[in-house]
Protein chains: 2
Amino acid sequence: MKQRNDTRSRRQRSLTREQIIDASIRLLDEGGEGGLTFQALSKLLATGPGAIYWHVADKSDLVTAACDEIIARTMEAKPAGASPQETIRALALDLFDAIDAHPWVGAALMSAPGQLPMVRIFERIGQQVRSLGVSAEHEWSAVSALLNYILGVAGQNAANAKLAAVQGLERASFLGEVSAAWSALDPESYPFTRSVAAQLPAHDDRKDYLDGIDLLLRGIVASS
Amino acid sequence: MKQRNDTRSRRQRSLTREQIIDASIRLLDEGGEGGLTFQALSKLLATGPGAIYWHVADKSDLVTAACDEIIARTMEAKPAGASPQETIRALALDLFDAIDAHPWVGAALMSAPGQLPMVRIFERIGQQVRSLGVSAEHEWSAVSALLNYILGVAGQNAANAKLAAVQGLERASFLGEVSAAWSALDPESYPFTRSVAAQLPAHDDRKDYLDGIDLLLRGIVASS
DNA sequence: ACCTGAACACCGTTCAAGT
DNA sequence: ACCTGAACACCGTTCAAGT
């Protein structure tokens, strides 16, 4: 009985890397980048920090793994677009939504260049660019332009969300404050920024985002 | 005499925001994002942490201010390009070099959306895009595409430098390791990434970067 | 007005000791 | 093989007390 109990409880209780990553995602979603703590994680998993270190190398490893989990899920759903352009658009939108739902993923992606999560995205975009018939010469810059645009916009959106949260504001009133600050800039030095300040709060993020993707696609096919 | 001495030493010794920012830049350049510490800063300035808090709100304020100092310097040099395209290219290259020299600026920019350093870049790019004759409808996505591409590439470069430093590797051998890892990926799932893995270590960063800028510019003028 | 420096709460990580 | 939990070194920030 002792043994049977031992085995059962071992199986039920024993920590897995997956459990740790899932719990980490929950904490990151709730509290942002600062929400993931070995203390909070230990409490959530009813264990000690040492136990976690048996399964992960360090915090950076943990965040990258959590990020990869989100990206892998997002990239699994393979939208079968009518054209490569359509597929890239769908892909970009999926990523936008994923990072919108998990803002910490933006920063995590940025700090893990060449690692698995980035490679997943790189691969999907690369395949579509290739089937677009882009020449080998322009392939790299086409993929790089799309990748960086997607990450950049998503990252900015995430940072906006975080800043708004820190200041305890709604997204709308946060953009309103930024817009007001832009309108107050020196007209001599900042004519362009002032002239678009009023548009800022009314912007449709998703539409602007897709406009940028389309602009990139035009530039890519123009380079044949 | 007492008074005169007092005044003199006050003037010489008294902490200014500029001194704090300059010292912060030095620490960030030397030790990356983790190199800036109120402890290290206090020691460098021969004072206590409380004195620093009299001049800056918190660490985030300090990093943003340090970032703005770098960006302001970079944006001051106004390259008078022959065409808007040339000016944008020169601008992009200046930013690339600045972030290459101060890798922490990449992350700092990303986490300060709508703040002064970003606005400086936004304005310069916006003015050039406007003089390119882009329609009001496409203006925002054109500027946003350029801005995000520039920040994305620069940020990735910075992250590469940081990762290489952490692993104690030269840049070249770090890219070699990434290339090797990419070559070892599953051929079924990662055909694209595998096919470009060999090119990775030989890439000319600056050339690829400018290729991307040109691609964007083509897409922008194509949208007239 | 500006600085001092001890103190606080909290963090990632380690490690001897257990099972 | 896997977990416990105390301990370590360090961090950003505060604040009563000084000048």
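Below, read A as the first sequence line, B as the second, and so on, with proteins coming before strands; counting in each chain starts at 1.
Rounded to whole Å, the distance from CD1 on A:I20 to C1' on D:dC3 is 11 Å. Computed from coordinates, the A:Q19 CD to D:dC2 C1' distance equals 13 Å when rounded to whole Å. Following rounding to the nearest Å, A:K43 (NZ) and C:dC11 (C1') show an atom-to-atom distance of 16 Å. Going from atom CZ of A:R17 over to atom P of D:dA1 covers 18 Å, rounded to whole Å. For B:D58 and C:dA9, the CG to P distance is 20 Å, given to the nearest whole Å. Going from atom CG of A:L45 over to atom C1' of D:dG5 covers 16 Å, rounded to whole Å. Between B:E33 atom CD and D:dG12 atom P the separation is 13 Å, expressed in whole Å.
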field: Candidate pair A:I150 and A:Y209, rule side chain to side chain contact (heavy atoms under 4.5 Å, CB included), full reasoning
entry: CA-CA 8 Å; A:I150 291 172; A:Y209 176 66; 3.4 Å; yes
task: Please lay out, stage by stage, how B:R26 and B:D22 fare under the test salt bridge (charged side-chain N to carboxylate O under 4.0 Å, His left out).
output: CA-CA 6 Å; B:R26 209 179 317 165; B:D22 282 347; over 6 Å; no
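Checked against side-chain hydrogen bond (donor to acceptor under 3.5 Å, both in side chains), B:D68 has the following partners two or more places apart in sequence or in another chain: B:R120. Residues satisfying the ring-ring contact (aromatic ring centres under 6.0 Å, His included) criterion with B:F174, sequence neighbours excluded, are absent altogether.
For B:S14, the side-chain atoms get nearest to C:dC3 when compared with the rest of D:dT14, D:dC3, C:dC3. The side chain of B:K59 sits closest to D:dT13 out of C:dG12, D:dA6, D:dT13. If you check C:dT4, C:dT13, D:dC3 against the side chain of A:Y53, the one that comes closest is C:dT13.
When the side-chain nitrogen and oxygen atoms of B:H55 are compared with OP1 and OP2 of C:dC3, one or more of them lie within a distance under 4.0 Å. B:T37 has a side-chain polar atom (N or O) that falls below the 4.0 Å cut-off from OP1 or OP2 of D:dC11. Between A:W54 and D:dC2 there is a side-chain N or O to OP1 or OP2 distance below 4.0 Å. Residue A:Q39 has a polar side-chain atom (N or O) positioned under 4.0 Å from OP1 or OP2 of C:dC11.
When each of B:F38 and A:A46 is assigned the nucleotide of DNA chain D with its nearest heavy atom, A:A46 is the one assigned upstream, toward the 5' end. In terms of position along DNA chain C, the nucleotide closest to B:I52 lies nearer the 5' end than the nucleotide closest to the other residue of the pair A:A57 and B:I52.
Only the P atoms considered, D:dC2 is 22 Å distant from C:dA17, to the nearest whole Å.
With respect to A:D205 and A:R171, a salt bridge is recorded, a charged nitrogen being found less than 4.0 Å from a carboxylate O.
Of the nucleotides present, D:dT14 is the one that pairs with C:dA6 by Watson-Crick or G-U wobble criteria, both distances under 3.5 Å. D:dT19 is paired with C:dA1 under the criterion used here, namely a Watson-Crick or G-U wobble arrangement in which both key atom distances are under 3.5 Å.
Residue B:L36 is in sugar-phosphate contact alone, with no base atom involved, counting any heavy-atom pair closer than 4.0 Å across all strands shown.
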